[in-house]
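Right, one structure below, let's go through it.
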Amino acid sequence: QQLALNGAGDAYLLLGDPDEAAQHFQWAMDLAPMSRGGLYAAYQLGRVHLEAGHVAQALALFEQLAAHPDEAVAADGGLALAFVHLSRGEAALARAELETLRARHPNRPQADRAGYYLALLALNAGEREEAARLCHEVIRRVPQADEALEARLLLADLMTARQSPQETLA
């Protein structure tokens with residue numbers, strides 16, 4: 001039943017009905033909040049709340065996920081918390097959340113995603129060298145991952161801003 005409720009919630013999201021999606025995710029959570037299906041529902045419900053501007057509700061759900069004993073769940077919750085802070089214009093809190101995620105879950109794929117997001121935040125703060133350092137770190141850790149491709153593209157942007165395109169390609 002929980003799987004069906006989550007599936008219906010996802011379908012309602014695709015159909016553009018976030019209120020109905022939220023109701024289905026809430027029902028799925030109510031059945032067994034700590035099961036995989038309940039945790040998925042909590043994450044999706046948090047996303048719906050965030051997109052609807054119900055930041056406090058999203059924050060509460062993502063804080064619970066970030067505190068979960070399962071590393072994958074906690075890492076996803078940590079990334080989501082960073083997004084909540086960014087949505088509120090709290091770059092310093094987002095950065096702290098991403099750094100915490102990397103420290104607590106260094107071997108999770110989310111840590112590499114957090115490294116890339118930290119590079120973007122560093123660049124936005126005018127910290128070009130830190131952004132480059134973080135990009136190199138992500139590329140070194142996971143050279144074949146999507147995060148590494150994105151880090152390479154960001155590095156190329158950083159380099160072309162400093163030198164001519166011809167020098168960058170040389």
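This one's a predicted model, so the numbers in the text were calculated from it and none came from an experiment.
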Cluster question for you: counting only ILVMFWY and a side-chain heavy-atom cut-off of under 4.5 Å, with indirect links fine, are L118 and L154 together?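 Same hydrophobic cluster.
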Do [X] and [Y] have side chains that approach each other closer than 4.5 Å (heavy atoms only, starting at C-beta)?
{"X": "L61", "Y": "M29", "result": "yes"}
{"X": "Q2", "Y": "S35", "result": "yes"}
{"X": "R36", "Y": "V73", "result": "yes"}
{"X": "L65", "Y": "D76", "result": "no"}
{"X": "L98", "Y": "L79", "result": "yes"}
{"X": "L86", "Y": "L121", "result": "yes"}
{"X": "R152", "Y": "L155", "result": "no"}
{"X": "E130", "Y": "L134", "result": "yes"}

Residue among R140, R141, R113 satisfying salt bridge (charged side-chain N to carboxylate O under 4.0 Å, His left out) with E147: R113
Using the six-membered ring wherever Trp is involved, compare the ring planes of F25 and Y40 and label them parallel, tilted or perpendicular (cut-offs 30° and 60°).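 The rings of F25 and Y40 stand perpendicular, inter-plane angle above 60°.
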Are Y117 and F83 an aromatic pair by the rule of ring centers under 6.0 Å?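 They qualify: ring centres under 6.0 Å apart.
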Output all residues satisfying side-chain hydrogen bond (donor to acceptor under 3.5 Å, both in side chains) with N6, sequence neighbours left out; order by chain, then residue number. none
Contacts of D17 meeting side-chain hydrogen bond (donor to acceptor under 3.5 Å, both in side chains) (sequence neighbours excluded), chain-then-number -> none
Point-to-point distance, once rounded to the nearest 0.5 Å, from CG of D19 to NE2 of H24: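 It is 12.5 Å, given to the nearest 0.5 Å.
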Once you round to the nearest 0.5 Å, how far does CG of L158 lie from CZ of R128?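 It is 5.0 Å, given to the nearest 0.5 Å.
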